[in-house]
Amino acid sequence: MSTTPYPFPSGQPAVLAPIGAAFSVTLGKMLDAGRAVDDTHTTLPYVRAANIQDEGLRLTDVNEMPFSAAEARRLDLRKGDLLVVEGGAVGTCVVLDHDMPGWSFQKTVNRLRATNNWSTRYLAYVLRSYRDAGIIDLVCNGSTISHLTAEKLRALRVPAVQPETQRAIAEFLDRETAQIDALVSKQEEFIEFLRERRRAAIEVAVSEVRASGPRLKYLVRSVRQGWSPQCYSWPTDGISSWAVLKAGAANGGVFRPMENKELPAEETPRPEAVVKRGDLIVSRANTRDLVGSAAVVEGNFPRLMLSDKLYAFTLDEDQALPQFVAAVLGSRKWRDLVEMQATGASSSMLNISQSDIVNLPMSLPPVDEQHRILNHLADQTAGIDALIAKAQEHIAFAKERRAALITAAVTGQLDVRTARKAG
């Protein structure tokens with residue numbers, strides 16, 4: 001396999017090589033949780049797609065299933081292995097920093113193991129660059145759910161630079177991205193502090209509302225639910241292009257229109273699923289602390305559709321203002337009620353039914369009083385919201401810089417040797 005000096009010759013394309021020329025690519029085991037354990041099988045914990053995050057390997061929610069001795073040997077996990085999500089958040093990957101004896105991995109994950117002296121850390125940065133640029137989505141494009149199969153991974157071509165240069169790139173990016181990640185973490189902590197202040201203001205504002213009396217259903221005129229076709233991973237504006245909202249569109253009590261995925265051209269849009277100004281959006285499926293999150297659609301988005309993980313309630317505004325009901329649903333009393341009603345086998349994804357939501361008790365004050373409370377609440381939270389927006393801008397800029405830095409380093413636009421000396 002040929003490699004090229006670093007940086008790439010000016011004006012010339014990089015020498016590319018298929019991943020399979022330098023790495024073995026192995027898909028994990030088909031889910032077999034229901035198999036009876038016998039003398040030939042041992043129950044082992046396994047890594048699945050949900051455990052692989054950009055921040056690293058998260059093993060707080062782990063499943064187990066039976067493996068034969070041969071499967072356990074073939075599907076073992078060692079320090080330096082690169083685990084790549086095969087289906088779901090395709091292309092998301094993590095390099096193991098230690099051996100994991102007694103663990104294996106499921107078929108939503110590909111394991112890449114170097115067969116020569118190439119660097120898995122370097123390859124992880126290349127894959128992240130490809131994912132952020134949309135290359136992974138193009139590789140996985142299909143009429144059904146996207147999969148980054150072992151065959152596709154083996155064939156995917158990446159810049160082939162000398163192994164010592166790969167390690168220099170990985171070390172440079174480890175250092176530089178760690179600094180950026182630390183800044184992002186500080187901003188996220190600040191945002192959480194601000195959101196806690198916002199929640200406290202809401203608690204005070206709606207403290208007189210009682211979790212008793214009439215059910216919410218008597219204030220609801222209609223309920224709609226969306227659909228979840230296979231979409232691209234990137235968002236669009238929902239105005240000029242069709243898109244489907246994600247479950248997180250109502251997180252934190254604020255409507256987030258950019259929490260969406262673009263609808264492929266071959267899919268037929270469903271106008272009846274389009275959100276409308278004033279809709280009360282409620283998350284049907286999410287984590288325990290976010291399931292049942294409610295927010296109100298602000299603005300017009302003629303091509304932005306609900307997913308099947310969201311409900312849209314149209315309220316009788318002579319009795320209930322959607323912004324007021326969203327504030328009530330976000331308060332602690334109603335969060336406790338929602339979390340009690342939510343069901344699911346996994347703590348990472350719980351569900352609440354439409355029936356459970358509309359049967360929540362809610363004794364609201366008259367509409368004019370709701371208006372007064374909302375106006376007071378707006379005064380209390382305007383400054384907080386401005387600070388949150390500014391912090392989110394800083395985070396977005398930092399993440400853009402991080403992605404650009406990775407791309408520049410792995411493509412030779414940035415000579416890390418020169419950058420390292422300058423630093």
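Heads up: numbering here begins at 1 and tracks the sequence.
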**Asked** Who are the side-chain contact (heavy atoms from CB on, under 4.5 Å) partners of R372, not counting sequence neighbours?
**Response**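 For R372 the side-chain contact (heavy atoms from CB on, under 4.5 Å) partners, ignoring immediate neighbours, are E369.
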
**For H376, all residues meeting side-chain contact (heavy atoms from CB on, under 4.5 Å), sequence neighbours excluded** = Q380

What are the two closest non-hydrogen atoms of [X] and [Y], and how far apart are they?
X	Y	answer
T381	A201	CG2-CB, 4.3 Å
V416	A409	CG1-CB, 4.1 Å
T120	A114	CG2-N, 4.4 Å
N286	A247	ND2-O, 3.7 Å
V328	S331	O-OG, 2.6 Å
A50	Q53	O-NE2, 2.8 Å

Do [X] and [Y] have side chains that get closer than 4.5 Å, going by heavy atoms?
X	Y	value
K276	V297	no
V109	Y46	no
R154	P18	no
R199	R335	no
F255	D279	no
Q413	T407	yes
E298	Q323	yes
L127	I19	yes

What donor-acceptor contacts under 3.5 angstrom involve side-chain atoms of residues 397-406, with partners at least two apart or in another chain?
from : atom 1 : to   : atom 2 : distance (Å)
R402 : NE     : D181 : OD1    : 2.8
R402 : NH2    : D181 : OD2    : 3.1

**Asked** For the residue pair F193 and F190, does the interplanar ring angle fall in the parallel (under 30°), tilted (30 to 60°) or perpendicular (over 60°) class?
**Response** parallel

Side-chain donor or acceptor of [X] paired with backbone N/O of [Y] under 3.5 Å:
X	Y	value
R198	D385	no
S185	A182	no
D308	G226	no
N251	L290	no
T236	A243	no

[atom1]/[X]: more than 12 non-hydrogen atoms of other groups inside 6.0 Å:
X	atom1	answer
K107	NZ	no
R197	CZ	no
E55	CD	yes

**Asked** Step by step, would you call L245 with K309 a side chain to side chain contact (heavy atoms under 4.5 Å, CB included)?
**Response** CA-CA 9 Å; L245 286 167; K309 290 183 171 58; over 6 Å; no

Residues [X], [Y]: salt bridge by 4.0 Å N-O rule:
X	Y	answer
E86	K152	no
D76	R111	yes
E339	R332	yes
D132	R128	no

Anything under 3.5 Å between a donor and an acceptor, one on a side chain of residues 356-364, the other on a protein residue two or more places apart or in another chain? List them.
from : atom 1 : to   : atom 2 : distance (Å)
D356 : OD2    : S353 : OG     : 3.1
N359 : OD1    : K217 : NZ     : 3.2
N359 : ND2    : S355 : O      : 2.8
N359 : ND2    : S355 : OG     : 3.4
S363 : OG     : R210 : NH2    : 3.2

Nearest 0.5 Å, please: how far is [atom2] in [Y] from [atom1] in [X]?
X	Y	atom1	atom2	result
Q106	L27	CD	CG	9.0 Å
L306	W227	CG	CH2	12.0 Å
T287	L350	OG1	CG	7.5 Å
D137	Y130	CG	OH	14.5 Å
Q341	N351	CD	CG	13.0 Å
F105	D81	CZ	CG	8.0 Å

**Item:** Reference residue F324; test side-chain contact (heavy atoms from CB on, under 4.5 Å); the match among L374, L377, V367
**Value:**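 The single option meeting the side-chain contact (heavy atoms from CB on, under 4.5 Å) with F324 is L374.
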
**Request:** Among R73, K29, R74, H41, find the one that has a side-chain contact (heavy atoms from CB on, under 4.5 Å) with F67.
**Result:**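 So the option named by the test is K29.
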
**Asked** Among side-chain atoms of S283 and S293, is any donor-acceptor pair under 3.5 angstrom?
**Response**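 Side-chain D/A pair, S283 to S293: absent.
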
**Item:** Distance-only donor-acceptor check, side chains T115 and S24, under 3.5 Å
**Value:**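 Absent: no donor and acceptor within the cut-off.
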
**Asked** Could you walk me through whether V282 and I352 pass the side chain to side chain contact (heavy atoms under 4.5 Å, CB included) check?
**Response** CA-CA 10 Å; V282 180; I352 186 164; 5.5 Å; no

**Item:** Residues forming a side chain to side chain donor-acceptor pair (under 3.5 Å) with T268, sequence neighbours excluded
**Value:** none

Side chains of residues 87-103: which donor-acceptor partners sit under 3.5 Å, not counting sequence neighbours?
from : atom 1 : to   : atom 2 : distance (Å)
T92  : OG1    : A89  : O      : 2.9
T92  : OG1    : R131 : NH1    : 3.1
D99  : OD1    : K79  : N      : 2.7

**Message:** Test side chain to side chain contact (heavy atoms under 4.5 Å, CB included) on V158 and V410; report intermediate values, then the result.
**Reply:** CA-CA 9 Å; V158 297; V410 301; over 6 Å; no

**Request:** Evaluate side chain to side chain contact (heavy atoms under 4.5 Å, CB included) for F23 paired with L153, printing each intermediate quantity in order.
**Result:** CA-CA 10 Å; F23 296 86; L153 259 180; over 6 Å; no

